[in-house]
Structures are given as structure tokens and as C-alpha cells.
K.L.:
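Before we start, here is the structure in question, set down as C-alpha cells.
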Amino acid sequence: MSKDYVVAALADWHVQENSVVELDGTRYFLVTNGQGIRQLAIVAPLALSAAFQDLTDVSQTSANEGSTLLLAPLNAANAAALRRRFAWLNPSVQGLRAGAGLGDRLGLATPGHLRAVRAVQGKMVPFPAQQSIREMTRTGRSPQEVLDDATWGVFAEGWRAGFGADADHLKTPADIDACLAAGYTFYTFDPGAYVESAADQASAEELSNSLQALPWDRLADTPEALLARYLSAPCQCEGYQIEFDALLVTRAAVKYGHALAHVALLYQHLARVGANQSWEVEVSVDETETPTTPAEHVYLATELRRLGVEWVSLAPRYPGRFEKGVDYIGDLAAFEAEFAIHAAIARVLGPYKLSLHSGSDKFSVYAIAARQTRGVVHLKTAGTSYLEALHTIARLEPELLRAIYTFARACYEVDRASYHVSASLERAPLPESLLDTDMLALLEQFDAREILHVTFGSVLTARTPAGAWLFYERLMTVLRLNPEVYASDLQAHFIRHLQPFVLLATD
């Protein structure tokens, strides 16, 4: 079929040029119409019609010159069919490559994300599929839907340089099973519920009693053997000597012992059910009340290794505050001094990447993290892409953002419970005080930004008493009708995130 004939047959559709790819005489590409509806288009020889039986809901638009033009929806079956045809559409393990988690709560952000990665020469490998089970639950999406949305975004941009898929903040074996079935490659274990932060303030007697109560059978250990390991000699990590005494070891074990047992359980489950798949693991203890000290980091890494856990990335709880959607809060000099020790530990006891969770908009720490880890680092973002969607809404339909903000304020006190945020309703601007021209600036105001960030689930799932969507359909329609505006906003925003890491790589 000639190009002119295809253009005529698709007169009401726009071809996404970056998506065009040919395989065995068949062309595949994405098209979009004036209503923002996307379809998979296929130009194939008529003789190959039986080759597309794995596609669903296919319609034949036209046939000419021995070829046929097919259109198919962007559904799960068709995403799987494309992944079988094109290996580069499948996520893969990335090892110690610097990574950028690019969480997408709406399923539309991957093109903008990948354009940002391209703009910085692809120095960080993208993880366009990255969502926690908590976020999936709040938005009503499944692990498969998140991965499929990323697949279509990768296909749309013709991204062939490799990418990862992060099943983030997994807490149970059932979480693992759902993500393994979908095809994720990066499994972030979150044992935060088992971390005993109160150990930091416990007395010696309380710690001694708690030590005896640890699940020693699951830890394959005894209190005596534990103490002997750490008291025999200090741990030398490059220029840093980390010394232990009995109280420090006991405190570390009480604080993280139950968490280690849970990580071992999750890892053993993944190793068993995922025996025929490729995957890698991150361990995260960042969503806890108190920082992970360098000595506790040594304890975690040493015990994980002893328990047979293999991991490629670790997310300690760093000093200061990594609140959602805003820059780092704390003493930067103190942060760098301690982060440098964590990076040295990761090199000596690994190597493994240090991971920055709640990494969105932490512009003041990126260069520090890149420099101290020497580029062996993983950055995680998620909610900032939702905020960029609201940025696009503010530009195109400011009255919609005002309505969302009004609703978000009413949900904030409940929705903030599972997040580290300090925004105050009293400090945030009142909706009725804002003009349409104020809505872009609203997204830069600290309190309003956090309020909008953590209420995404309530906003995206809210319905009227009659069952109609309150905001979701209108928000998605604006974004689908203006994909280039959203992609441009994302690209500019994420270049700011990635550039500090790239500068290190090119020095």
C-alpha cells in the first residue's frame, strides 16, 4: 500500500511518526483522531491476515494494492501482542545503570518522560512503569494497566534503548504475584511496617528484652552470634571506619530485625515463583520515622547478604525531610556528609545503587547524590507527573484546577495520613481568592502543592451521587486533546530532574 493511499485512508487520523516501525513487510504505528482517541494502525500484506489473530477488536479500514489497513484499540491483549513482536517493548533488568523512576498515575506521561531522557542523551535508564500498590489502589489501576500504559508510551516514542518496570513498595507475596504476572522486572520490597523506629529512644533494658523477642528462627541467627559478628572488628568503608558496641548492635537489630525477616520472606517468595523470569530487587526502608544511621546501613547490608538476599538498590531513610512534591528540607551540608558515608558503604558492601525515594522536585540534592554515588544511583519520582498534568490543566482550563483544588483541600487531612508532608490548610491560598491567572502560580506554592500531590487518589476516583466522574473524565479529556502540551510540560520539568546526574556522567 503506497504512502499516499495510507494518508488518504487515515484522513481523520494523525500519525505519530516516532512510532512507525516495520517488521516482516508489515508497518505498525499509532494514530490519533480529533477526539484524542488513539489506535494501533497496521499496514500488512493481505496474505498475512491470519498473522494478526492475537490482536483483538481489529477493524479493517481499507485494502488496496495487495495490502490491508487495520486499526485496533490500545488494550491489554494488543499491548501483549506488540511485546511479543518487538523485544524492545519489554522491560528488562538494568543492574547498576543509573535509573530514573518515572511514575505515571494517569497513564499518559511516558512520551514526555522519554523526551526528557532523550534530551539529556539517555544517560539515565528510564523506568516508565513505576507505581506502588498503594498508588494503584488509590487510582483504581492494576499492575497490568500501569505496564501496558508504559508499553504504549514506549511504542509511541520509538524508544529502543532499554527500560525498567518497577513494582514499587511491595509489602506482601500477593503484591509480588500480581506484578510478576504483568511482567515487571524491578521489585521494591517495603518492610516499613516492621521497622521499630521507637528503638532509637528505647532504654538499654527495653532493647535487651526486645532483642530476645526477635524471630531468630526466621533470621537463621542467635543474639550471641549477632553480637560476635559486629564486635569482632570495625567495618572499614573506604575512608570511614564504622565501629560497633553491644548497645549499638542491639539497637540496630531491634529496629530492623523484623523488617529483615520480612524482606527475606518476600525475596524467597519471588525467587520461587519467579524462577523462570528475569528480575532484580530493591530494598526500601525510607518510609520510616527516623533516619538510617551508617552503622544501621552496615547492619542491613550485612544481614541481607547473610540471609541470601541479592539486591541491586537500597533506599535508606536519609536525614532531613523528603516530603512529597517539594524540595529537600534540612541542612544540605549535613545531608551530604552523611550521604557520603552511605555511598561508601554501598560501594564496599555491594556494589549497589543508593535510591532516592520521594525524589520528585528534590533539586538541591541531585548533584550531591550523583557526585557521592559516582553515578551508581536510582531516582524515584511519581506524583510530580500528576502535578505537571495539573500544570497543563492550569494553562488550558484554570477553572477545572480551581475545582480540583477546592475538592483536594476537603480531602487533605484524611489523605495525608500515609505520606510525609507538612502542608497546612491555613497557609494554603483560599480557592475563592484566586483568579484564573493565579492558577499556574498555585502549583508553586508549598502548601497547595503538597495538598494537590497527596489527594490525587480522591480526585481521580471521585464521583457524583449519580455515579458520574467528578473530575477524571474532564481532566483526561483535556490531556488527551492536548498531548503535546502535556508532553512539553513534562519534558521541561524532568530535564531539571535528570540534568544534574547527566552533568556528572559527562565530566
Side-chain angles (χ1 to χ4, degrees), residues 16-19 30 32 38 74 79 88-92 94 97-132 135-136 139 141 143 145-168 184-186 188 324-325 355-363 366 377-393 453 456 476 479-480 482-502 505:
Q16 295 185 244
E17 295 292 343
N18 287 341
S19 69
L30 295 184
T32 308
R38 295 190 300 166
L74 307 192
W88 46 271
L89 285 176
N90 292 281
S92 56
Q94 300 300 326
R97 295 177 66 188
L102 305 167
D104 177 9
R105 291 172 179 166
L106 301 175
L108 302 175
T110 296
H113 288 156
L114 294 179
R115 292 178 194 182
V117 177
R118 273 204 178 102
V120 296
Q121 297 85 47
K123 297 294 184 181
M124 298 184 79
V125 63
F127 285 67
Q130 177 212 281
Q131 291 286 277
S132 68
E135 291 164 352
M136 293 183 201
T139 56
R141 300 168 78 205
E145 287 171 321
V146 171
L147 185 60
D148 289 345
D149 286 336
T151 296
W152 293 117
V154 170
F155 184 71
E157 288 301 304
W159 178 265
R160 304 186 189 185
F163 68 97
D166 183 0
D168 198 13
Y184 285 74
T185 55
F186 191 88
T188 300
K324 299 293 183 180
S355 192
L356 298 173
H357 286 211
S358 298
S360 300
D361 311 296
K362 304 300 181 291
F363 301 111
Y366 295 151
V377 65
H378 191 81
L379 172 68
K380 289 206 183 189
T381 73
T384 199
S385 295
Y386 170 71
L387 292 177
E388 282 306 297
L390 298 185
H391 183 270
T392 301
I393 297 297
H453 190 294
F456 70 93
M476 295 295 281
L479 297 177
R480 286 176 175 141
N482 299 276
E484 290 303 311
V485 180
Y486 184 34
S488 178
D489 285 344
L490 284 165
Q491 180 177 348
H493 190 56
F494 275 90
I495 286 174
R496 289 187 64 201
H497 282 74
L498 304 180
Q499 195 68 48
F501 299 94
V502 175

K.L.:
Measure across H113 and G103 and return the closest heavy-atom pair with its distance rounded to 0.1 Å.
P.N.:
CE1-O, 3.7 Å
K.L.:
Nearest 0.5 Å, please: how far is OH in Y184 from CD in Q130?
P.N.:
10.0 Å
K.L.:
Would you say W159 and T110 make side-chain contact, with heavy atoms under 4.5 Å?
P.N.:
no
K.L.:
What heavy-atom pair brings A389 and L479 nearest, and what distance separates the two atoms?
P.N.:
CB-CD1, 3.8 Å
K.L.:
Among L498, V117, V154, which residue meets the side chain to side chain contact (heavy atoms under 4.5 Å, CB included) test with P126?
P.N.:
V117
K.L.:
Do Q131 and D168 come within less than 4.5 Å of each other through their side chains, counting heavy atoms only?
P.N.:
no
K.L.:
Are the side chains of F127 and F186 in touch, meaning some heavy atoms are under 4.5 Å apart?
P.N.:
yes
K.L.:
Without swapping roles, check the side chain of S488 against the backbone of V485 for a donor-acceptor pair under 3.5 Å.
P.N.:
no
K.L.:
If you take all heavy atoms of H497 and D361, which pair is closest and at what distance?
P.N.:
NE2-N, 2.8 Å
K.L.:
Would you compute the distance between atom OH of Y386 and atom OG1 of T139 and round it to the nearest 0.5 angstrom?
P.N.:
11.0 Å
K.L.:
Looking only at heavy atoms, which two atoms of A119 and Q491 are closest? And how far apart?
P.N.:
CB-NE2, 4.1 Å
K.L.:
Do L74 and L30 have side chains that get closer than 4.5 Å, going by heavy atoms?
P.N.:
yes
K.L.:
Rounded to the nearest 0.5 Å, what separates atom CD1 in I393 from atom CG in D489?
P.N.:
10.0 Å
K.L.:
Under 3.5 Å, is there a donor-acceptor pair between the S92 and Q94 side chains?
P.N.:
yes
K.L.:
Do P91 and L147 have side-chain heavy atoms sitting under 4.5 Å apart?
P.N.:
yes
K.L.:
To the nearest 0.5 Å, how far apart are CZ in R480 and CZ in R38?
P.N.:
8.0 Å
K.L.:
If I take atom CZ from residue F456 and atom CZ from residue R105, how far apart are they, to the nearest 0.5 angstrom?
P.N.:
4.0 Å
K.L.:
Keeping the roles fixed (side chain from T381, backbone from G359), state whether a donor-acceptor pair exists under 3.5 Å.
P.N.:
no
K.L.:
Measure from the side-chain N and O atoms of E135 to the backbone N and O of S132, and report whether any donor-acceptor pair falls under 3.5 Å.
P.N.:
yes
K.L.:
Quick one: NZ on K324 to NE2 on H453, what's the gap to the nearest 0.5 Å?
P.N.:
6.0 Å
K.L.:
For side-chain contact (heavy atoms from CB on, under 4.5 Å), just list the numbers for L356 and H378, CA-CA rounded to whole Å, side-chain angles, deciding distance to a tenth of an Å, and then say yes or no.
P.N.:
CA-CA 6 Å; L356 298 173; H378 191 81; over 6 Å; no
K.L.:
H391 versus H493: any side-chain heavy-atom pair under 4.5 Å?
P.N.:
no
K.L.:
Do the non-hydrogen side-chain atoms of T384 and F494 ever get within less than 4.5 Å of each other?
P.N.:
yes
K.L.:
Using every non-hydrogen atom in the two residues, find where F163 and L89 come nearest and quote the distance to one decimal.
P.N.:
CZ-O, 3.3 Å
K.L.:
For D166 and T188, test the side chains for any donor-to-acceptor distance below 3.5 angstrom and give the result as yes or no.
P.N.:
yes
K.L.:
When you compare the side chains of S385 and D104, does any donor N or O come within less than 3.5 Å of an acceptor on the partner?
P.N.:
no
K.L.:
Would you find a donor on one side and an acceptor on the other, under 3.5 Å apart, between the side chain of K362 and the backbone of S360?
P.N.:
yes
K.L.:
Please name the pair of heavy atoms, one in R115 and one in A487, separated by the smallest distance, quoted to 0.1 Å.
P.N.:
NH1-CB, 3.6 Å
K.L.:
Between P143 and M136, is any pair of side-chain heavy atoms under 4.5 Å apart?
P.N.:
yes
K.L.:
So, are R118 and E157 salt-bridged, with charged N and O less than 4.0 Å apart?
P.N.:
yes
